[in-house]
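Predicted model, so just to flag it, every value in this text is computed and none were measured.
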Amino acid sequence: MVNEETAPYGSSTPTPAAPAQQAEASVLSVKKVRTVHLQQAKDAGEKFAMLTSYDALTATIFDRAGIELLLIGDSAGNNVLGHESTLTITVDEMLPLVKAVSSAAQRAMVVADLPFGSYEQSPAQAVATAVRFMKEGGAHAVKMEATAHHTEHVRAMVAAGIPVMAHIGFTPQSEHTLGGYRVQGRDGGQVLKETALALEEAGAFCLLMEMTRSDVAAEIDASVRIPIIGIGAGADVSGQVLVWQDAFGLRQGKMARFVKQYANLYDTLFEGASAYRADVRSGVYPAAEHRFDS
Ligand code: KIV
(Lines give C-alpha, C1' and ligand atoms only; values in the text may rest on other atoms or scores of the structure.)
Protein backbone atom coordinates (compact mmCIF):
# COMPACT_ATOMS: atom_id res chain seq x y z
CA MET A 1 0.00 0.00 0.00
CA VAL A 2 1.49 3.36 -1.00
CA ASN A 3 1.50 6.00 1.75
CA GLU A 4 0.51 9.19 -0.07
CA GLU A 5 2.57 11.46 2.15
CA THR A 6 5.78 9.57 1.59
CA ALA A 7 5.20 8.23 -1.90
CA PRO A 8 7.87 9.12 -4.44
CA TYR A 9 6.71 11.50 -7.14
CA GLY A 10 4.34 9.82 -9.55
CA SER A 11 4.12 6.51 -7.67
CA SER A 12 0.51 6.76 -6.45
CA THR A 13 -0.91 5.46 -9.71
CA PRO A 14 -4.69 5.87 -9.76
CA THR A 15 -6.78 2.76 -10.33
CA PRO A 16 -7.05 2.60 -14.08
CA ALA A 17 -10.36 2.32 -15.86
CA ALA A 18 -11.39 -1.14 -16.98
CA PRO A 19 -9.64 -2.14 -20.18
CA ALA A 20 -11.53 -1.79 -23.43
CA GLN A 21 -13.48 -5.01 -23.92
CA GLN A 22 -14.10 -6.50 -27.29
CA ALA A 23 -17.81 -7.27 -27.24
CA GLU A 24 -17.85 -9.33 -30.41
CA ALA A 25 -16.29 -12.78 -30.73
CA SER A 26 -12.75 -12.26 -31.93
CA VAL A 27 -9.59 -14.26 -32.40
CA LEU A 28 -7.96 -11.31 -30.63
CA SER A 29 -9.98 -11.77 -27.40
CA VAL A 30 -6.87 -13.14 -25.75
CA LYS A 31 -5.06 -12.39 -22.50
CA LYS A 32 -1.73 -12.08 -24.27
CA VAL A 33 -1.24 -11.30 -27.93
CA ARG A 34 1.17 -13.65 -29.66
CA THR A 35 2.33 -14.06 -33.25
CA VAL A 36 -0.15 -16.89 -33.80
CA HIS A 37 -3.07 -14.58 -32.94
CA LEU A 38 -1.98 -12.05 -35.55
CA GLN A 39 -1.88 -14.79 -38.16
CA GLN A 40 -5.33 -15.97 -37.03
CA ALA A 41 -6.58 -12.39 -37.30
CA LYS A 42 -5.41 -12.14 -40.90
CA ASP A 43 -6.90 -15.56 -41.70
CA ALA A 44 -10.23 -14.45 -40.15
CA GLY A 45 -10.16 -11.06 -41.90
CA GLU A 46 -9.83 -9.19 -38.58
CA LYS A 47 -7.75 -6.01 -38.36
CA PHE A 48 -5.49 -5.07 -35.47
CA ALA A 49 -3.67 -1.98 -34.22
CA MET A 50 -0.11 -1.11 -33.29
CA LEU A 51 1.18 2.13 -31.74
CA THR A 52 4.65 3.24 -30.83
CA SER A 53 5.36 3.61 -27.14
CA TYR A 54 8.59 4.51 -25.40
CA ASP A 55 7.66 4.63 -21.70
CA ALA A 56 5.68 2.79 -19.04
CA LEU A 57 2.76 5.22 -18.71
CA THR A 58 1.79 5.34 -22.39
CA ALA A 59 2.38 1.58 -22.63
CA THR A 60 -0.12 1.04 -19.79
CA ILE A 61 -2.74 3.27 -21.42
CA PHE A 62 -2.37 1.78 -24.90
CA ASP A 63 -2.30 -1.77 -23.53
CA ARG A 64 -5.50 -1.18 -21.54
CA ALA A 65 -7.12 0.40 -24.60
CA GLY A 66 -6.62 -2.92 -26.37
CA ILE A 67 -3.83 -1.99 -28.78
CA GLU A 68 -2.44 -5.33 -29.94
CA LEU A 69 1.21 -4.36 -30.50
CA LEU A 70 3.47 -1.75 -28.93
CA LEU A 71 6.53 -0.74 -30.95
CA ILE A 72 9.57 0.83 -29.39
CA GLY A 73 10.56 2.34 -32.71
CA ASP A 74 13.87 3.93 -33.56
CA SER A 75 11.60 6.97 -33.96
CA ALA A 76 12.39 7.37 -30.25
CA GLY A 77 15.47 9.11 -31.65
CA ASN A 78 13.31 12.00 -32.87
CA ASN A 79 10.34 11.75 -30.51
CA VAL A 80 12.11 11.15 -27.21
CA LEU A 81 15.75 12.15 -27.62
CA GLY A 82 15.32 15.09 -29.98
CA HIS A 83 17.56 13.74 -32.74
CA GLU A 84 17.29 15.00 -36.32
CA SER A 85 16.55 11.55 -37.75
CA THR A 86 16.20 7.94 -36.71
CA LEU A 87 19.74 7.14 -37.81
CA THR A 88 21.59 8.18 -34.69
CA ILE A 89 19.84 6.35 -31.84
CA THR A 90 21.82 3.45 -30.36
CA VAL A 91 20.91 0.08 -28.85
CA ASP A 92 22.04 1.31 -25.42
CA GLU A 93 19.75 4.35 -25.69
CA MET A 94 16.81 2.18 -26.74
CA LEU A 95 17.18 -0.59 -24.16
CA PRO A 96 15.79 1.32 -21.15
CA LEU A 97 12.77 2.36 -23.25
CA VAL A 98 12.15 -1.25 -24.30
CA LYS A 99 12.39 -2.32 -20.66
CA ALA A 100 9.91 0.35 -19.56
CA VAL A 101 7.34 -0.66 -22.18
CA SER A 102 7.70 -4.40 -21.66
CA SER A 103 7.38 -4.04 -17.90
CA ALA A 104 4.07 -2.18 -18.33
CA ALA A 105 2.40 -4.22 -21.10
CA GLN A 106 0.12 -6.99 -19.89
CA ARG A 107 -1.62 -8.04 -23.11
CA ALA A 108 0.12 -6.31 -26.00
CA MET A 109 3.01 -7.82 -27.91
CA VAL A 110 6.11 -5.68 -27.40
CA VAL A 111 8.26 -5.19 -30.50
CA ALA A 112 11.71 -3.57 -30.37
CA ASP A 113 13.16 -1.90 -33.46
CA LEU A 114 16.74 -2.77 -34.44
CA PRO A 115 18.42 0.62 -34.86
CA PHE A 116 20.67 1.57 -37.78
CA GLY A 117 24.11 -0.02 -37.42
CA SER A 118 23.02 -2.76 -35.05
CA TYR A 119 22.32 -5.60 -37.51
CA GLU A 120 23.57 -4.90 -41.05
CA GLN A 121 27.06 -6.36 -40.77
CA SER A 122 26.03 -10.00 -40.44
CA PRO A 123 23.25 -12.37 -39.37
CA ALA A 124 25.30 -12.93 -36.19
CA GLN A 125 25.24 -9.20 -35.41
CA ALA A 126 21.45 -9.16 -35.92
CA VAL A 127 21.00 -12.13 -33.58
CA ALA A 128 23.24 -10.54 -30.93
CA THR A 129 21.30 -7.25 -30.97
CA ALA A 130 17.91 -8.96 -31.01
CA VAL A 131 18.94 -11.16 -28.08
CA ARG A 132 19.81 -8.03 -26.06
CA PHE A 133 16.35 -6.57 -26.73
CA MET A 134 14.66 -9.84 -25.73
CA LYS A 135 16.89 -10.69 -22.76
CA GLU A 136 17.73 -7.27 -21.29
CA GLY A 137 14.69 -5.37 -22.59
CA GLY A 138 11.99 -8.04 -22.27
CA ALA A 139 10.76 -7.56 -25.86
CA HIS A 140 8.64 -10.30 -27.42
CA ALA A 141 9.78 -9.68 -31.00
CA VAL A 142 12.02 -7.42 -33.05
CA LYS A 143 11.44 -5.30 -36.13
CA MET A 144 14.13 -4.86 -38.74
CA GLU A 145 14.20 -2.65 -41.85
CA ALA A 146 14.83 -5.20 -44.55
CA THR A 147 15.50 -5.83 -48.21
CA ALA A 148 15.96 -9.14 -49.98
CA HIS A 149 19.62 -8.88 -48.92
CA HIS A 150 18.55 -9.50 -45.33
CA THR A 151 16.92 -12.90 -45.65
CA GLU A 152 19.86 -14.60 -43.91
CA HIS A 153 19.63 -12.12 -41.05
CA VAL A 154 15.94 -12.94 -40.62
CA ARG A 155 16.59 -16.67 -40.91
CA ALA A 156 19.30 -16.53 -38.23
CA MET A 157 17.11 -14.62 -35.78
CA VAL A 158 14.14 -16.92 -36.36
CA ALA A 159 16.43 -19.94 -35.87
CA ALA A 160 17.45 -18.39 -32.54
CA GLY A 161 13.79 -18.29 -31.48
CA ILE A 162 13.24 -14.59 -32.14
CA PRO A 163 10.03 -13.50 -33.91
CA VAL A 164 10.94 -11.01 -36.66
CA MET A 165 8.78 -8.30 -38.19
CA ALA A 166 10.35 -7.18 -41.47
CA HIS A 167 9.88 -3.50 -42.34
CA ILE A 168 9.69 -2.87 -46.10
CA GLY A 169 8.46 -0.17 -48.47
CA PHE A 170 9.86 3.16 -47.36
CA THR A 171 12.55 2.38 -44.80
CA PRO A 172 13.67 5.56 -43.01
CA GLN A 173 17.12 4.19 -42.11
CA SER A 174 17.81 4.14 -45.89
CA GLU A 175 16.46 7.63 -46.56
CA HIS A 176 19.74 8.74 -48.11
CA THR A 177 19.77 5.77 -50.48
CA LEU A 178 16.09 6.11 -51.33
CA GLY A 179 16.43 9.82 -52.12
CA GLY A 180 14.42 11.10 -49.15
CA TYR A 181 10.93 10.40 -47.84
CA ARG A 182 9.29 9.02 -50.99
CA VAL A 183 6.28 6.83 -51.57
CA GLN A 184 7.39 3.36 -52.70
CA GLY A 185 5.78 1.07 -55.27
CA ARG A 186 5.14 3.83 -57.81
CA ASP A 187 6.83 1.59 -60.40
CA GLY A 188 4.27 -1.19 -59.83
CA GLY A 189 6.21 -2.63 -56.91
CA GLN A 190 7.67 -5.77 -58.53
CA VAL A 191 10.85 -5.65 -56.42
CA LEU A 192 8.79 -4.98 -53.31
CA LYS A 193 6.62 -8.04 -54.01
CA GLU A 194 9.69 -10.22 -54.44
CA THR A 195 11.17 -8.80 -51.23
CA ALA A 196 7.98 -9.53 -49.30
CA LEU A 197 7.89 -13.12 -50.52
CA ALA A 198 11.59 -13.64 -49.75
CA LEU A 199 11.23 -12.30 -46.21
CA GLU A 200 8.14 -14.42 -45.60
CA GLU A 201 10.04 -17.46 -46.84
CA ALA A 202 12.93 -16.55 -44.48
CA GLY A 203 10.51 -16.82 -41.55
CA ALA A 204 9.28 -13.29 -40.75
CA PHE A 205 5.98 -13.55 -38.84
CA CYS A 206 4.76 -10.21 -40.14
CA LEU A 207 5.66 -7.40 -42.53
CA LEU A 208 5.46 -3.70 -41.76
CA MET A 209 4.96 -1.69 -44.93
CA GLU A 210 5.58 2.04 -44.87
CA MET A 211 4.52 4.72 -47.39
CA THR A 212 3.65 2.41 -50.26
CA ARG A 213 1.09 2.84 -53.03
CA SER A 214 -2.06 1.30 -51.60
CA ASP A 215 -2.89 -0.90 -54.61
CA VAL A 216 0.62 -2.37 -54.46
CA ALA A 217 0.27 -2.95 -50.70
CA ALA A 218 -3.10 -4.67 -51.22
CA GLU A 219 -1.65 -6.90 -53.92
CA ILE A 220 1.28 -7.89 -51.71
CA ASP A 221 -1.06 -8.53 -48.75
CA ALA A 222 -2.99 -10.93 -50.95
CA SER A 223 0.14 -12.69 -52.15
CA VAL A 224 1.76 -13.39 -48.76
CA ARG A 225 0.17 -15.49 -46.01
CA ILE A 226 1.62 -13.48 -43.11
CA PRO A 227 -0.08 -10.28 -41.97
CA ILE A 228 1.04 -6.84 -43.12
CA ILE A 229 0.90 -3.82 -40.84
CA GLY A 230 0.68 -0.62 -42.82
CA ILE A 231 1.69 2.96 -42.20
CA GLY A 232 0.76 4.97 -45.24
CA ALA A 233 0.04 1.74 -47.14
CA GLY A 234 -3.74 2.03 -47.44
CA ALA A 235 -6.57 0.06 -45.88
CA ASP A 236 -6.21 -3.34 -47.55
CA VAL A 237 -3.66 -4.75 -45.13
CA SER A 238 -4.14 -6.56 -41.81
CA GLY A 239 -3.07 -3.90 -39.33
CA GLN A 240 -2.11 -0.25 -38.97
CA VAL A 241 0.59 1.49 -36.98
CA LEU A 242 1.06 5.14 -36.05
CA VAL A 243 3.64 7.03 -34.03
CA TRP A 244 1.73 7.99 -30.91
CA GLN A 245 2.92 11.60 -30.73
CA ASP A 246 1.51 12.08 -34.25
CA ALA A 247 -1.75 10.21 -33.63
CA PHE A 248 -2.54 12.16 -30.46
CA GLY A 249 -1.20 15.54 -31.48
CA LEU A 250 1.72 15.91 -29.09
CA ARG A 251 4.07 16.74 -31.93
CA GLN A 252 3.39 19.91 -33.88
CA GLY A 253 4.23 20.71 -37.46
CA LYS A 254 3.44 19.23 -40.83
CA MET A 255 2.15 15.67 -40.59
CA ALA A 256 2.47 13.00 -43.23
CA ARG A 257 -0.69 12.44 -45.29
CA PHE A 258 -1.31 9.06 -43.62
CA VAL A 259 -1.55 10.47 -40.08
CA LYS A 260 -4.99 10.78 -38.52
CA GLN A 261 -4.97 12.90 -35.37
CA TYR A 262 -7.17 11.47 -32.58
CA ALA A 263 -6.38 14.06 -29.88
CA ASN A 264 -4.60 17.36 -29.44
CA LEU A 265 -2.22 16.77 -26.57
CA TYR A 266 0.02 19.70 -27.52
CA ASP A 267 -2.78 22.18 -26.84
CA THR A 268 -3.91 20.32 -23.71
CA LEU A 269 -0.40 20.37 -22.23
CA PHE A 270 0.32 23.91 -23.39
CA GLU A 271 -2.88 25.20 -21.78
CA GLY A 272 -2.20 23.15 -18.62
CA ALA A 273 1.38 24.42 -18.30
CA SER A 274 0.31 28.04 -18.92
CA ALA A 275 -2.50 27.80 -16.33
CA TYR A 276 -0.12 26.23 -13.79
CA ARG A 277 2.45 29.01 -14.29
CA ALA A 278 -0.24 31.67 -13.93
CA ASP A 279 -1.50 30.04 -10.70
CA VAL A 280 2.03 29.85 -9.27
CA ARG A 281 2.75 33.48 -10.12
CA SER A 282 -0.55 34.72 -8.69
CA GLY A 283 -0.39 32.51 -5.59
CA VAL A 284 -3.62 30.66 -6.46
CA TYR A 285 -1.61 27.42 -6.33
CA PRO A 286 -1.03 25.80 -3.91
CA ALA A 287 -4.44 26.33 -2.30
CA ALA A 288 -5.45 25.15 1.16
CA GLU A 289 -6.27 21.63 -0.06
CA HIS A 290 -2.74 21.21 -1.46
CA ARG A 291 -0.95 22.16 1.76
CA PHE A 292 0.13 20.22 4.87
CA ASP A 293 -1.04 22.76 7.47
CA SER A 294 -1.26 20.53 10.52
O1 KIV B 1 10.27 3.64 -35.61
C2 KIV B 1 9.09 3.77 -35.92
O3 KIV B 1 8.32 4.50 -35.27
C4 KIV B 1 8.61 3.04 -37.08
C5 KIV B 1 7.30 3.41 -37.69
C6 KIV B 1 7.13 2.76 -38.98
C7 KIV B 1 6.13 3.15 -36.87
O8 KIV B 1 9.28 2.18 -37.55
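Annotation for Ser238 and Asp221: closest pair OG-OD1, 3.7 Å, computed over non-hydrogen atoms. The shortest heavy-atom contact between Ile228 and Ile220 is CD1-CG2, 3.8 Å. Taking all atoms of both residues into account, the shortest heavy-atom contact from Ala130 to Ile162 is CB-CD1, 3.7 Å. The two residues Pro227 and Gln39 have their closest heavy-atom pair at CD-OE1, 3.4 Å. Closest of all the heavy-atom pairs between Gly234 and Val237 is O-CG2, 3.7 Å. Considering every non-hydrogen atom in both Ala247 and Leu242, the closest pair reads CB-CD1, 3.9 Å.
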Can I get a per-line list of side-chain donor-acceptor pairs under 3.5 Å for residues 201-212, giving both atom names and the distance, sequence neighbours left out?
| unit_1 | atom_1 | unit_2 | atom_2 | d |
| --- | --- | --- | --- | --- |
| Glu201 | OE1 | Arg155 | NH2 | 3.2 |
| Glu210 | OE1 | His167 | NE2 | 2.9 |
| Thr212 | OG1 | Glu210 | O | 2.9 |

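Residues Lys260 and Asp246 are not paired through a salt bridge, judged by the lack of any N-O separation under 4.0 Å between the basic side chain and the carboxylate. A salt bridge is defined here as a Lys NZ or Arg NE, NH1 or NH2 lying under 4.0 Å from an Asp or Glu carboxylate O, and Arg182 with Glu175 fails to meet this definition. Between Lys193 and Glu219, at least one side-chain nitrogen of the basic residue sits less than 4.0 Å from a carboxylate oxygen of the acidic one, meeting the salt-bridge criterion. With salt bridges taken as basic N to acidic carboxylate O contacts below 4.0 Å, none links Asp74 and Lys143.
Separation of the Tyr266 and Phe248 ring centroids does not fall under the 6.0 Å cut-off.
Within a 6.0 Å radius of NZ in Lys42, more than 12 heavy atoms belonging to other residues, nucleotides or ligands are found. Other residues, nucleotides and ligands contribute at most 12 non-hydrogen atoms within 6.0 Å of the NE2 atom of His149.
Although no hydrogens or angles enter the test, the distance criterion places a donor-acceptor pair under 3.5 Å between the side chain of Thr60 and the main chain of Ala56. Looking at Gln173, its side chain does come within 3.5 Å of a backbone N or O of Leu114 through a donor-acceptor pair. Judged by distance alone, the side chain of Ser103 and the main-chain N or O of Ala100 form a donor-acceptor pair under 3.5 Å. Between the side chain of Arg132 and the backbone N or O of Val91 there is no donor-acceptor pair closer than 3.5 Å. In this structure, Thr88 contributes its side chain and Glu84 its backbone to no donor-acceptor pair below 3.5 Å.
Under a hydrophobic clustering in which Ile, Leu, Val, Met, Phe, Trp and Tyr are joined whenever their side-chain heavy atoms come within less than 4.5 Å, directly or via other members, Phe116 and Leu71 fall into different clusters. Both Val30 and Met109 sit in one connected hydrophobic cluster of ILVMFWY residues. Membership requires side-chain heavy atoms under 4.5 Å apart, directly or through other members. Transitive grouping of hydrophobic side chains (ILVMFWY, heavy atoms separated by less than 4.5 Å) brings Trp244 and Leu81 into a common cluster. Note: the hydrophobic cluster containing Leu87 does not contain Val243 (ILVMFWY, side chain heavy atoms under 4.5 Å, direct or indirect links). Leu269 and Tyr285 fall into different hydrophobic clusters, where Ile, Leu, Val, Met, Phe, Trp and Tyr are joined by side-chain heavy atoms under 4.5 Å apart, directly or via other members.
Among residues two or more places apart in sequence or in another chain, the side-chain hydrogen bond (donor to acceptor under 3.5 Å, both in side chains) test is passed with Thr90 by Glu93. Residues satisfying the side-chain hydrogen bond (donor to acceptor under 3.5 Å, both in side chains) test with Thr147, not counting sequence neighbours, are His150. Among residues two or more places apart in sequence or in another chain, the side-chain hydrogen bond (donor to acceptor under 3.5 Å, both in side chains) test is passed with Gln252 by none. Residues passing the ring pair (Phe, Tyr, Trp, His ring centres under 6.0 Å) test with Phe170 are Tyr181, sequence neighbours excluded. With sequence neighbours excluded, the residues forming a side-chain hydrogen bond (donor to acceptor under 3.5 Å, both in side chains) with Thr58 are Ser53, Asp55, listed by chain and number.
Side-chain atoms of Ser174 and Glu145 include no donor-acceptor pair closer than 3.5 Å.
Two residues are said to be in side-chain contact when any heavy atoms from C-beta on lie closer than 4.5 Å; Thr35 and His140 fail this criterion. Counting only heavy atoms from C-beta outward, the side chains of Ile229 and Met165 approach each other to under 4.5 Å. At a threshold of 4.5 Å between non-hydrogen side-chain atoms, the residues Arg251 and Leu265 do not count as touching. In this structure, His153 and Gln125 have side chains that are not in contact, with every pair of non-hydrogen atoms separated by 4.5 Å or more.
None of Val80, Leu95, Val110 except one satisfies the side-chain contact (heavy atoms from CB on, under 4.5 Å) rule with Ile72; the exception is Val110.
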Step-by-step side-chain contact (heavy atoms from CB on, under 4.5 Å) determination, Leu199 to Ile168 | CA-CA 10 Å; Leu199 292 166; Ile168 62 172; 3.5 Å; yes

Could you go through the side-chain contact (heavy atoms from CB on, under 4.5 Å) check for Val183 and Arg186 one step at a time?
-> CA-CA 7 Å; Val183 174; Arg186 290 224 190 271; 3.6 Å; yes

List the steps and the verdict of side-chain contact (heavy atoms from CB on, under 4.5 Å) for Lys31 and Arg107.
-> CA-CA 6 Å; Lys31 285 213 168 85; Arg107 172 178 174 272; over 6 Å; no

Does the pair Met94 and Phe133 meet the rule for a side-chain contact (heavy atoms from CB on, under 4.5 Å), with working shown?
-> CA-CA 9 Å; Met94 285 186 65; Phe133 280 132; 4.0 Å; yes

Run the salt bridge (Lys or Arg N to Asp or Glu O under 4.0 Å) check on Arg213 and Asp187 step by step: do they pass?
-> CA-CA 9 Å; Arg213 222 175 69 180; Asp187 56 356; over 6 Å; no

